[in-house]
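As structure tokens, the structure follows; a few thoughts come after it.
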Amino acid sequence: MSAEEPTTDLYDLRVVVERIEGRSVCGLKPGDHIDLTGSNRLTIPAGGHFCLYALAACLPLLPAKQRELAEGDWMARDSHVACPDPDERVIMRIERTGLQRIPTEELT
């Protein structure tokens with residue numbers, strides 16, 4: 001990668017089940033997680049699973065959390081997401097785990 005080639009900085013993310021305030025019908029437990037690396041690689045630890053509805057609640061926020069945010073931006077301050085199932089009340093935390101500098105031409 002040359003010094004003049006444009007790049008985009010993206011944070012790698014981990015979505016972690018922080019707590020469950022109701023009953024876990026889907027089988028998630030605190031500490032379960034998924035990882036998002038680069039611009040498009042979503043992984044679950046071997047043998048693990050992640051509830052589709054909990055994931056759906058997080059998905060709209062992930063692209064924004066991957067980017068550098070202004071200090072006063074609410075996305076920079078708030079990292080918690082709740083599963084939409086009111087009986088479960090799964091609370092997840094989005095964490096930044098690393099930073100990748102990706103050639104912009106490799107992104108869509």
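The model shown is predicted, which means the values in this text are computed figures rather than measured ones. Position 1 is the first residue of the sequence; numbering continues from there.
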Separation of Asp35 CG from Thr97 OG1 (nearest 0.5 Å)
6.0 Å

Identify the two heavy atoms, one from Gly27 and one from Ser24, that lie closest to each other, and give their separation to 0.1 Å.
N-OG, 3.3 Å

Checking Asp12, Thr8, Thr7 against Gln100 for side chain to side chain contact (heavy atoms under 4.5 Å, CB included), the one that qualifies is Asp12

Check whether any side-chain heavy atom of Pro45 lies under 4.5 Å from a side-chain heavy atom of His33, and answer yes or no.
yes

State, yes or no, whether a side-chain contact exists between Val81 and Ile94 at a heavy-atom distance under 4.5 Å.
yes

Contact summary for Val17 and Leu28, nearest pair of heavy atoms:
CG2-CD1, 4.0 Å

Are Ile44 and Leu42 linked, directly or through other ILVMFWY residues, by side chains that come within less than 4.5 angstrom of each other?
yes

CD/Glu95 to CD/Glu18 distance, rounded to the nearest 0.5 angstrom?
8.5 Å

Determine whether Ser79 and Lys65 make a side-chain contact, defined as any pair of heavy atoms from C-beta on separated by less than 4.5 Å.
yes

Quick check against the 3.5 Å criterion: does Gln66 have a side-chain atom that pairs as donor or acceptor with the backbone of Tyr11?
yes

Ala76 to Glu71 - nearest heavy-atom pair and separation
CB-O, 4.3 Å

Qualifying residues under salt bridge (charged side-chain N to carboxylate O under 4.0 Å, His left out), relative to Arg89, sequence neighbours excluded:
none

Measuring from atom CD of Glu106 to atom OG of Ser39, what distance do you get when rounded to the nearest 0.5 angstrom?
9.0 Å

Asp9 side-chain N/O to Arg67 backbone N/O, donor-acceptor pair under 3.5 Å
no

Applying side-chain contact (heavy atoms from CB on, under 4.5 Å) to Leu62 and Val15, what does each step give before you reach the verdict?
CA-CA 9 Å; Leu62 298 181; Val15 178; 3.9 Å; yes

Are any side-chain N or O atoms of Thr104 and backbone N or O atoms of Pro6, one a donor and one an acceptor, separated by less than 3.5 Å?
yes

Are Val25 and Ile91 linked, directly or through other ILVMFWY residues, by side chains that come within less than 4.5 angstrom of each other?
no

With the side chain counted from C-beta on, respond yes when Arg41 and Leu36 share a heavy-atom pair under 4.5 Å apart, and no when they do not.
no

same_hphob_cluster(Val16, Leu61) at 4.5 Å side-chain heavy-atom cutoff
no

Would you kindly confirm whether Ile20 and Leu55 end up in one hydrophobic cluster when ILVMFWY residues are joined by side chain heavy atoms under 4.5 Å apart?
yes

Using modelled atom types only, decide if a donor and an acceptor are shared between the side chain of Arg19 and the backbone of Pro30 within a distance under 3.5 Å.
no

Are Ile102 and Leu69 linked, directly or through other ILVMFWY residues, by side chains that come within less than 4.5 angstrom of each other?
no

Whether the side chain of Glu88 engages the backbone of Cys83 through a donor-acceptor N/O pair (distance < 3.5 Å, no angle test) should be reported.
no

